[in-house]
Structure formats: C-alpha cells, structure tokens
Protein chains: 2
Amino acid sequence: MEERDGIGASNSNTGTLGKAVAVLELVAMAERPMRFTDVFDRAGQPRGTLHRQLSHLVEEGLLELNADHCYEPGLRLLKLASRTWMRSDLRRFAAPHLQALHELTGETVHLGVLKGAEIIYLDKVESRQAVRMDSQIGRASPAYCTGIGKAALAALPEGMLGPLLDGVELRRFTPQTIADRPALEAELAAIRSAGHAFDREEHEVGIRCVAAAIVDAGHSLVGGISVTGPAYRVGEDALADWAPQVRRAAQSVAGELAARLGPGGA
Amino acid sequence: MEERDGIGASNSNTGTLGKAVAVLELVAMAERPMRFTDVFDRAGQPRGTLHRQLSHLVEEGLLELNADHCYEPGLRLLKLASRTWMRSDLRRFAAPHLQALHELTGETVHLGVLKGAEIIYLDKVESRQAVRMDSQIGRASPAYCTGIGKAALAALPEGMLGPLLDGVELRRFTPQTIADRPALEAELAAIRSAGHAFDREEHEVGIRCVAAAIVDAGHSLVGGISVTGPAYRVGEDALADWAPQVRRAAQSVAGELAARLGPGGA
DNA sequence: GCCATTTGTTCCAATATGTGGAACATATTT
DNA sequence: AAATATGTTCCACATATTGGAACAAATGGC
C-alpha cells in the first residue's frame with residue numbers, strides 16, 4: 001500500500017467512502033466556492049477519479065454544482081443534520097439547564113461535545129440576538145483554547161489525552177492562548193482539581209467563559225456547558241461566581257444521561 | 001443489472017457511494033435508534049456488506065454506534081451542515097427581508113427551498129420562543145401541502161411539475177389537505193395567477209400561512225418565503241393583507257440573487 | 001473573430017474494492 | 001445449560017473504481 005498526496009493519506013481504511021467524504025469535506029470546509037480545478041489542486045487525485053466522485057456527490061445531493069461551475073455543500077446535509085440535532089439525547093436533557101443558566105446569568109450559554117480534538121457546538125441560548133439558528137451550532141472550534149474544550153480535555157483519562165494532544169498543533173489565536181504543551185497540561189490539571197475551566201480570551205479577544213464538563217460513564221461521550229460573555233461586561237470574578245452553578249448543571253445533565261442509559265439501554 | 005429490494009433500487013448510478021448514503025439516510029431518518037438487525041431488515045442488503053458499510057460510516061463520523069449497539073446520526077453531519085447553512089447565498093440575502101416581515105406581522109417567518117418534492121427549511125425568524133436553533137431548520141416537509149411548497153411548485157415550468165408530482169403520494173395530513181391531483185393542479189393554477197399561496201391548515205391543524213416563491217433565472221433554484229401563524233390568531237383576511245408584502249420580499253430576494261449571479265458569475 | 005490556452009468531461013484496460021454467502025463469535029432468552 | 005437471536009469475520013468472485021490519455025468546451029490574448 002502506498003502513501004498518497006492530498007486527502008485520504010491518513011485514514012485509508014474506509015475505502016471509497018472515505019475518499020468521497022474527504023472530497024466532500026474539502027469542498028464544504030473551504031472558505032469560498034471551489035471550481036473543479038480548485039478541488040483538483042488540493043485533492044491530490046487524478047482528474048477522472050475526482051470528476052466521478054464529485055458527480056456522485058452532486059447526484060446524491062451532498063454537494064451542489066451551481067451555475068458558475070462552483071461546487072457548494074448541498075441541502076441534503078442540512079436535512080440529515082437536522083435529524084442529528086433533533087435526536088440528540090444530550091441536547092434534549094441539557095436544554096432546560098441551559099435555559100436556567102441563561103436566566104441566572106443573563107449571558108450566552110453553550111452546549112458542546114468533544115469530537116477528536118475539536119468542540120462541536122450543539123446548542124446555544126442567548127438573549128440579545130434575534131431568534132435565529134446561530135452559526136455557532138454545528139461549528140467546530142479547537143478544544144485546547146475554549147472553555148468547554150479544556151473542561152472536556154481535562155475530563156479525559158490520561159491514556160486518551162496524550163495521543164489526542166500529540167496530533168494537535170497549538171496555534172496561537174490571541175495573546176492569551178495557551179500555546180505550549182506543558183502549560184496546557186498544567187492548566188488541565190488545575191481544571192481537574194477545580195472542576196471547572198475558564199477561557200480567558202484564549203480563543204477570541206474580548207470573550208471570556210466558564211465551563212464544566214459533562215462525562216458519561218465510559219467516557220464514550222465527553223462534552224460540556226459554558227457561560228460566555230464579553231470581557232467588558234463579565235469580569236473573572238463574575239465567572240468564578242457562576243462556576244458552581246455551571247458545575248451543578250453539568251453534573252445534573254450527566255446524571256440524567258446516566259439514568260437514561262442505565263435502566264433503558266445496556 | 002438486476003433490481004434489488006430495499007434501498008438503492010431506484011438510483012443505482014452513484015455506485016458504492018449511493019448505497020452508503022442510502023444506509024446513512026435510512027438510519028438518520030428513522031424515528032428511533034436502530035440496532036444492526038433493524039437496519040438489516042430494511043436495507044435489503046447482505047449482512048456482510050451492510051456491516052462494512054455501517055462500520056465505514058461510523059469510522060467517518062457520519063454515524064455513531066452508541067453503548068447499546070444503536071446506530072445514530074453522527075456529529076460530523078452537523079459540522080458539514082453548518083457550513084451549508086452559513087454559506088448559503090439565498091439565506092444571506094433573504095435574512096433582512098425575513099426580519100422585516102417578522103417585524104411587520106409579528107408572526108413567524110420561514111425561508112425554504114424546493115428539493116425534489118420536499119421543502120427544506122433554511123431559516124426562520126420568530127418572536128416568542130427562546131433563542132435557539134429551531135428544529136425546523138433543515139427539516140423537510142412535503143411541498144404539496146405547505147405554503148412555500150405550493151408556491152414553489154406553482155413556479156415550476158410545466159415540464160418539470162408533472163413528472164415531479166407523478167412520484168409523490170398525496171397523503172392527507174389534515175381534513176384540509178389537498179389530496180387529489182386535479183384539485184392540486186387547480187390550486188397551483190390559482191397560485192400562479194395570484195402570485196402567492198395560502199396554507200389553510202393543510203399540513204397541520206391550527207396552522208395557516210401565506211407564501212410567495214423565489215425563483216432564480218434558470219429555475220435551478222426555487223424556494224419561497226412564508227408568514228405563518230396559529231389559526232386562532234391569524235385569520236385568512238390577515239394573511240391576504242400580508243400577501244403583497246410577502247410577494248414583494250420574495251421578489252426582492254430573487255432580484256438580489258440575480259444581481260449577484262449576473263455580473264459575478266456566468 | 002481566430003488561435004492558444006486553460007478548464008472541464010469522457011473513455012477504457014488494469015486492478016483494487018466491494019460483494020454476499022456462509023461460518024464463526026457473542027449476547028440474550030428459555 | 002441449551003437454544004435462539006444478534007452481531008462479526010472470512011474469502012472466492014464480480015464489479016466498481018482507478019488513472020492515464022484523448023477529447024470537448026470555455027476562456028483569454030492578440
């Protein structure tokens with residue numbers, strides 16, 4: 001078996017499906033619409049092959065080919081994802097707790113889960129903004145520099161944490177970002193003993209949060225809840241005040257999840 | 001080439017990818033979590049094959065296999081879909097108009113697009129509810145019994161409408177549902193001449209709406225905007241009053257889309 | 001408006017990949 | 001403990017994917 005350029009080099013045990021979704025992701029995650037050649041340049045795959053893959057993705061509705069020959073993510077993804085979202089037990093159990101935290105603090109409350117080394121946001125409660133699906137939902141952010149992310153990482157068993165971090169480049173987003181490994185590990189240890197994590201403008205300047213992890217029995221699902229606010233309004237002392245409540249909310253959700261899985265499932 | 005039972009019988013020209021996403025859809029669209037055998041019963045595919053397909057889908061993060069051996073839609077779908085949503089030109093152009101319609105009417109405003117014979121909801125502006133991603137976004141509803149759906153169908157050229165409707169079973173959701181073909185065609189003709197469509201509790205009892213179609217130049221994208229309200233609060237006369245504004249909003253969006261595609265693209 | 005060049009699509013032999021039946025594990029029930 | 005249902009692995013065979021190259025269509029320069 002040979003190594004390949006471009007996508008699909010790492011995970012080549014999902015066969016043709018893996019290659020196809022690698023192409024899908026390449027197009028969907030791009031900042032701007034891509035024409036055939038743009039994809040070709042990055043996919044590292046022969047023209048004929050790539051062309052067929054794209055055609056199939058389009059025919060399946062996972063991509064769309066618009067009038068100016070640009071591939072864009074397709075509507076079918078939305079349809080599929082809406083089911084993911086609606087059926088998420090974690091989201092359903094957490095919703096009332098998120099709402100309660102929002103009413104307590106008046107600030108934005110997030111629910112996220114750890115997926116690899118990223119946090120994927122599952123839900124959000126917010127006051128100010130008009131009522132609309134927030135671009136945050138479904139969004140992926142690095143775990144090591146977000147509140148929920150750090151709380152989740154700290155909740156991982158040692159054996160999983162190390163390898164996970166090995167694969168991550170600790171990029172600096174702000175002056176506060178913890179961008180070296182020893183410092184991050186110290187931070188995670190502190191979080192472990194405190195039971196909650198702070199984000200001190202580490203991902204975005206002007207944004208602070210306090211978060212606590214939600215862990216299920218077998219560490220098969222690790223996520224968290226956070227209360228987020230603008231630095232000018234939310235001091236670190238305020239975050240510290242909310243920490244116990246956030247922790248309690250996270251624990252409640254974890255408890256409900258456990259109760260659900262215990263008697264009901266395995 | 002032989003016909004097969006179960007999924008994949010109709011569209012068998014997307015190769016292995018098509019079969020894989022058929023399995024994905026089967027699992028994602030199911031009402032409840034499915035165990036291996038549940039999928040097996042409906043997929044009409046040999047055990048070995050199905051097992052590998054599911055494994056690959058899980059490994060790619062499109063499905064997840066939880067502790068009690070149930071397959072569920074995976075988080076990666078959310079991540080991919082959030083890009084679909086964020087990057088949708090239609091959504092971006094329409095957003096301010098939706099907001100304006102909401103402020104005018106005080107009722108819920110929807111944006112949807114026609115995908116096959118279904119309307120997929122792309123956005124929603126609503127007052128009452130807490131600010132959260134609404135389960136409606138990404139959701140698919142039959143076109144023939146929703147406001148946006150009928151408006152969109154009426155905007156299709158004859159040549160596309162007929163075949164599309166041929167493939168649809170006109171199921172009755174409420175006593176008001178237009179469940180036979182001639183009546184539906186008469187309704188579409190009426191919508192065509194009026195320029196807007198009403199949903200008179202045809203999909204859900206107690207829910208009414210008025211909608212207008214957004215059509216782009218080559219009919220490559222057809223969708224619509226609607227104002228929806230509970231029947232007890234929103235009479236048909238109120239809907240009729242709003243119709244011109246809804247029509248105007250839809251036309252504005254269509255205009256902006258055309259302006260965007262014209263100079264910029266082809 | 002014509003030629004050169006880029007961009008996109010189709011074709012086909014070689015072969016890697018998926019297929020599907022059946023045997024093998026593993027859980028669950030009687 | 002035996003029987004049944006459920007989930008997983010194996011391997012000869014068929015087929016879908018591969019990828020190079022030829023072809024067509026669109027763009028751009030002159």
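Each chain gets a letter, A, B and so on, in the order its sequence line appears, and its residues count up from 1.
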Query raised in the report: How would you label the contact of B:Arg35 with the nucleic acid (heavy atoms, under 4.0 Å): base, sugar-phosphate, or nothing?
Result: sugar-phosphate

Query raised in the report: Looking just at side-chain N and O atoms, do A:Glu60 and B:Thr14 make a donor-acceptor pair shorter than 3.5 Å?
Result: yes

Requested in this report: Find the distance B:Leu17:CG to C:dT17:P and express it as a whole number of Å.
Outcome: 16 Å

Query raised in the report: Do we get A:Arg42 above A:Phe40's six-membered ring, with its NZ or CZ under 6.0 Å from the centre and within 45° of the axis?
Result: no

**Report entry** Whole angstrom value for the distance that separates P of C:dA22 from CG of B:Leu50
**Finding:** 18 Å

**Report entry** N/O (side chain, B:Lys19) to phosphate O (OP1/OP2, C:dT19) under 4.0 Å
**Finding:** yes

Report summary line: From CZ of A:Phe40 across to C1' of D:dG20 the rounded distance in Å is 11 Å

Report summary line: Among the nucleotides D:dG19, C:dG18, D:dT8, whichever has the atom closest to the side chain of B:Thr16 is C:dG18

Query raised in the report: Got a donor-acceptor pair under 3.5 Å from the side chain of A:Arg47 to the base of C:dG8?
Result: yes

Query - Separation of atom CE in A:Met34 from atom C1' in C:dG8, rounded to whole Å - result: 15 Å

Requested in this report: Examine A:His51 together with A:Phe36 and report whether their ring centres are nearer than 6.0 Å.
Outcome: yes

Requested in this report: Report yes or no: is there a donor-acceptor pair, N or O only, under 3.5 Å between the side chain of A:Thr49 and the base of D:dG19?
Outcome: yes

Query raised in the report: A:Tyr144 pairs by side chain to side chain contact (heavy atoms under 4.5 Å, CB included) with which of A:Leu188, A:Ile119, A:Leu170?
Result: A:Leu170

Report task. For A:His51 and C:dC11, give me the distance from atom NE2 to atom C1', rounded to whole Å. Result -> 12 Å

Report task. Please answer whether the main-chain N or O of A:Leu78 pairs with a side-chain N or O of B:Trp85 as donor and acceptor at a distance below 3.5 Å. Result -> no

Query raised in the report: D:dT18 phosphate, OP1 or OP2: any side-chain N/O from A:Gln53 under 4.0 angstrom?
Result: yes

Report summary line: Comparing nearest nucleotides in DNA chain C, the 5'-proximal residue of the pair A:Arg52, B:Gly48 is A:Arg52

Query - Whole angstrom value for the distance that separates P of D:dA5 from CZ of B:Phe36 - result: 16 Å

Report summary line: Between CG of B:Leu65 and C1' of D:dT8 the distance, given in whole Å, is 12 Å

Query raised in the report: Taking atom P of D:dT15 as reference, at what distance in whole Å does atom NE2 of A:His56 sit?
Result: 17 Å

